[in-house]
There are 2 protein chains.
Amino acid sequence: MTLERFESIRELPLFAEMTGVSFDALTRGAFVQNFPPNMVMISEGEAADFLHIVQSGCVELFSTWTNRETSVTTLYENSTFILAATMKDRVNLMSARTLQKSRIIMIPSENVRNVFATDPAFALAIVDELARCYRATIRNMKNLKLRTSIERLANYILKQHHRQGEALSYQLPVEKRRLASYLGMTPENLSRAFNNLKPHGVAVDGQTITISDKTKLTAFAKPDMLID
Amino acid sequence: MTLERFESIRELPLFAEMTGVSFDALTRGAFVQNFPPNMVMISEGEAADFLHIVQSGCVELFSTWTNRETSVTTLYENSTFILAATMKDRVNLMSARTLQKSRIIMIPSENVRNVFATDPAFALAIVDELARCYRATIRNMKNLKLRTSIERLANYILKQHHRQGEALSYQLPVEKRRLASYLGMTPENLSRAFNNLKPHGVAVDGQTITISDKTKLTAFAKPDMLID
DNA sequence: GAGCTGCCTTGATATTTATCAAGCAGGTTG
DNA sequence: CAACCTGCTTGATAAATATCAAGGCAGCTC
């Protein structure tokens with residue numbers, strides 16, 4: 001029987017098309033957990049025992065190596081994570097921490113693999129999600145390898161502008177130091193990069209970004225369908 | 001009926017577990033094509049009409065942006081590519097060129113999607129392959145963001161050493177300029193990076209790498225299960 | 001309101017990486 | 001064999017990026 005607390009995810013693309021029986025099988029043994037901000041929920045190298053879904057709040061995936069750390073991505077409401085490790089029954093390659101108070105749904109990995117084998121609609125949704133995440137990562141890597149840090153920032157500003165309904169003025173969704181890490185630079189350099197973008201039509205005041213000349217910014221950023 | 005020329009891939013993990021009927025449906029309309037070296041087979045932005053499999057030879061996936069180019073990965077015998085774009089029916093995010101004379105098997109993307117929906121064993125194999133590629137890309141990105149170019153080279157040398165049966169002396173499998181691009185640096189810098197590794201137990205002569213002090217090299221490279 | 005604290009910014013400097021310009025070596029070709 | 005290629009290397013220099021050290025500012029706490 002489907003518990004009420006999982007209703008919120010039933011309509012997500014990943015679960016919408018599967019049968020009710022499959023959904024019940026999937027959520028058997030699943031649970032919801034509340035986390036305070038800045039809490040490491042998952043450490044890289046651990047077994048992926050649960051598929052995670054952000055019900056509310058915000059989660060950062062990051063990785064470390066010899067005292068260095070880098071932010072890989074930030075996830076918001078309705079995003080899933082740990083899907084690839086779940087499907088392959090392997091350890092996580094990334095760690096996860098909450099950035100805000102967050103509610104996370106956790107579905108036993110074994111359920112995911114079992115239902116995958118029996119419900120074709122779910123299988124299709126899983127493949128779709130995996131392929132989407134994979135392609136997003138390829139784009140991310142192209143961004144890192146083909147652009148300078150200032151170009152990456154310019155394109156980030158344009159993408160956020162688009163995501164926030166084409167608003168010419170908007171708030172950054174994350175702290176600057178995390179943005180810096182996501183874009184592959186230091187916080188100091190991010191500050192300087194914002195200054196470098198002034199002549200290209202960008203004004204910054206705290207968390208507020210204002211695009212004063214979108215044409216100029218676009219000309220500089222050269223956004224690309226196959227990266228952004 | 002399965003044509004003889006596709007027998008060679010029947011035993012690959014991606015196709016081994018599916019039914020004969022499914023395999024026939026999959027390879028209907030498929031074909032084999034021979035390419036000379038240094039031939040661009042696929043350009044990013046094009047529709048992914050075929051799933052590609054390297055039967056023999058060697059293929060480089062690469063990407064370009066505003067007159068810059070970067071090598072993303074190099075594929076050898078029995079590797080598939082364009083799988084994510086095939087499953088999502090989207091354009092390719094990367095271009096592909098042969099590095100040597102190569103035989104490529106091309107399977108219509110529509111067949112792949114159709115058989116995915118009807119053959120659970122194939123569906124499982126597809127997900128496995130996608131998740132594997134996705135995780136490889138995450139590792140690649142961690143390598144790029146968490147390490148300097150010299151550290152990346154040191155770990156590359158160790159990985160090849162392992163791949164080539166722990167041989168302390170071996171040939172680089174690709175040209176140095178492509179290796180440089182793969183590792184996210186210029187050919188000039190790759191040369192200098194090799195020089196920098198001399199005191200860490202690496203000797204280079206043309207395409208031949210010799211590890212003279214594996215302990216020292218390993219201490220410098222700090223290889224990591226979650227990256228390499 | 002005084003004093004913290006954490007994040008961001010700025011300036012000075014160092015390191016890393018790229019660019020530009022020769023030059024070299026091995027293989028190919030006329 | 002000489003004249004090319006082409007890819008690699010080296011040196012000099014420039015650009016990009018990181019590090020270190022203050023300092024500023026907003027939001028807390030007491």
Side-chain angles (χ1 to χ4, degrees), chain A residues 36-38 60 65-71 74 97 99-100 143-157 171-200 202-209 220-221, chain B residues 36-38 60 62 65-71 74 97 99-100 143-157 171-198 200 202-210 220:
Chain A
N38 213 36
E60 177 188 44
W65 181 75
T66 63
N67 93 340
R68 293 171 219 170
E69 176 179 323
T70 189
S71 177
T74 308
R97 73 160 71 89
L99 296 185
Q100 307 164 6
N143 192 32
L144 283 165
K145 288 184 82 175
L146 290 167
R147 289 174 172 156
T148 66
S149 58
I150 301 177
E151 289 167 343
R152 294 197 291 275
L153 177 60
N155 280 290
Y156 177 87
I157 290 170
Q171 302 293 110
L172 285 176
V174 292
E175 286 173 293
K176 285 182 183 170
R177 66 198 176 113
R178 293 188 204 283
L179 175 58
S181 179
Y182 169 71
L183 293 175
M185 55 180 135
T186 58
E188 293 95 323
N189 256 315
L190 178 63
S191 272
R192 289 185 256 266
F194 273 123
N195 288 332
N196 281 319
L197 286 180
K198 260 180 208 161
H200 297 290
V202 175
V204 186
D205 178 21
Q207 295 272 106
T208 307
I209 305 295
F220 175 80
Chain B
N38 212 35
E60 177 188 45
F62 66 100
W65 181 74
T66 63
N67 92 339
R68 291 171 221 172
E69 174 179 322
T70 190
S71 176
T74 307
R97 74 159 70 90
L99 296 186
Q100 306 164 8
N143 192 32
L144 282 166
K145 289 184 81 175
L146 290 167
R147 289 174 172 156
T148 66
S149 58
I150 301 179
E151 289 166 343
R152 293 197 292 275
L153 177 59
N155 280 289
Y156 177 87
I157 290 170
Q171 303 291 111
L172 286 176
V174 292
E175 286 173 293
K176 285 183 184 168
R177 67 199 175 112
R178 293 187 204 283
L179 174 58
S181 179
Y182 169 72
L183 293 174
M185 53 178 133
T186 57
E188 292 96 323
N189 256 314
L190 179 62
S191 271
R192 290 186 254 267
F194 274 122
N195 287 333
N196 281 317
L197 286 181
K198 261 180 208 161
H200 297 289
V202 176
V204 186
D205 177 22
Q207 295 271 106
T208 308
I209 306 294
T210 305
F220 175 81

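What you see is a predicted model; the values in this text were computed from it and never measured. Letters A, B, ... mirror the listed sequences (proteins, then strands); counts begin at 1.
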J.: For T148(B) and dT16(C), is the shortest distance between a side-chain N/O and OP1 or OP2 below 4.0 Å?
T.: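 No, because none of the side-chain N or O atoms of T148(B) sits under 4.0 Å from OP1 or OP2 of dT16(C).
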J.: Compare the minimum distances between each of dC8(C), dT19(C), dA21(D) and the side chain of E188(A), then state the nucleotide with the smallest one.
T.: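 Selected nucleotide (nearest to the side chain): dA21(D).
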J.: Can a donor-acceptor pair be found, under 3.5 Å and without considering hydrogens, that links the side chain of N189(B) to the backbone of M185(B)?
T.: no
J.: What nucleotide among dT10(C), dC7(C), dT19(D) has an atom nearest to a side-chain atom of S191(A)?
T.: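 Among dT10(C), dC7(C), dT19(D), the one nearest the side chain of S191(A) is dT10(C).
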J.: Expressed in angstrom and rounded to an integer, what is the separation of F194(A) atom CZ from dC8(C) atom P?
T.: 10 Å
J.: Heavy-atom nearest nucleotide on DNA chain D for R147(A) versus P187(B): which residue maps closer to 5'?
T.: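 Nearest-nucleotide comparison on DNA chain D picks P187(B).
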J.: Rounding to a whole Å, what distance do you find between L172(A):CG and dC7(C):P?
T.: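 L172(A) atom CG is separated from dC7(C) atom P by 16 Å.
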J.: Check the distance between dT17(D)'s P and K145(A)'s NZ and give it to me in whole angstrom.
T.: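 Spelled out: NZ on K145(A) to P on dT17(D) is 16 Å.
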J.: What's the closest nucleotide to the S149(A) side chain, out of dT17(D), dA18(C), dC8(D)?
T.: dT17(D)
J.: Please state whether the phosphate of dT17(C), meaning OP1 or OP2, lies under 4.0 angstrom from any side-chain nitrogen or oxygen of T186(B).
T.: no
J.: Without decimals, in angstroms, what is the distance between L179(B) CG and dT9(D) C1'?
T.: 15 Å
J.: Given side chains that start at C-beta, do those of E60(B) and N38(B) come closer than 4.5 Å, heavy atoms only?
T.: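 SC-SC contact between E60(B) and N38(B) ruled out.
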J.: Answer whether the closest heavy-atom distance between the side chains of F194(B) and K176(B) falls below 4.5 Å.
T.: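 SC-SC contact between F194(B) and K176(B) confirmed.
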J.: Atom CG of D205(B) to atom P of dA25(C): distance rounded to whole Å?
T.: 12 Å
J.: Whole angstroms only, please: what is the CD-P distance between Q207(B) and dA25(C)?
T.: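 It is 17 Å, rounded to the nearest whole Å.
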J.: Are L197(A) and I157(A) side-chain neighbours, meaning at least one heavy-atom pair lies under 4.5 Å?
T.: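 A side-chain contact exists here, since the closest heavy-atom pair is under 4.5 Å.
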J.: Rounded off to whole Å, could you give me the CG-to-P distance for the L99(A) and dC7(C) pair?
T.: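 These atoms are roughly 12 Å apart.
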J.: Can you find a donor-acceptor N/O pair under 3.5 angstrom joining the side chain of R192(B) to the base of dT19(C)?
T.: yes
J.: Can you tell if the side chain of L183(B) reaches within under 4.5 Å of the side chain of R178(B), non-hydrogen atoms only?
T.: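 No, too far: nothing below the 4.5 Å cut-off.
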J.: Could you tell me how far apart K176(B) (NZ) and dT10(D) (P) are, to the nearest whole angstrom?
T.: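 Rounded to the whole Å, the gap is 9 Å.
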J.: Look at the side-chain N and O atoms of N195(B) and state whether any lies under 4.0 Å from the OP1 or OP2 oxygen of dT10(D).
T.: yes
J.: When you measure from the side-chain N and O atoms of N189(A) to the phosphate of dT17(D), is any distance below 4.0 Å, counting only OP1 and OP2?
T.: no
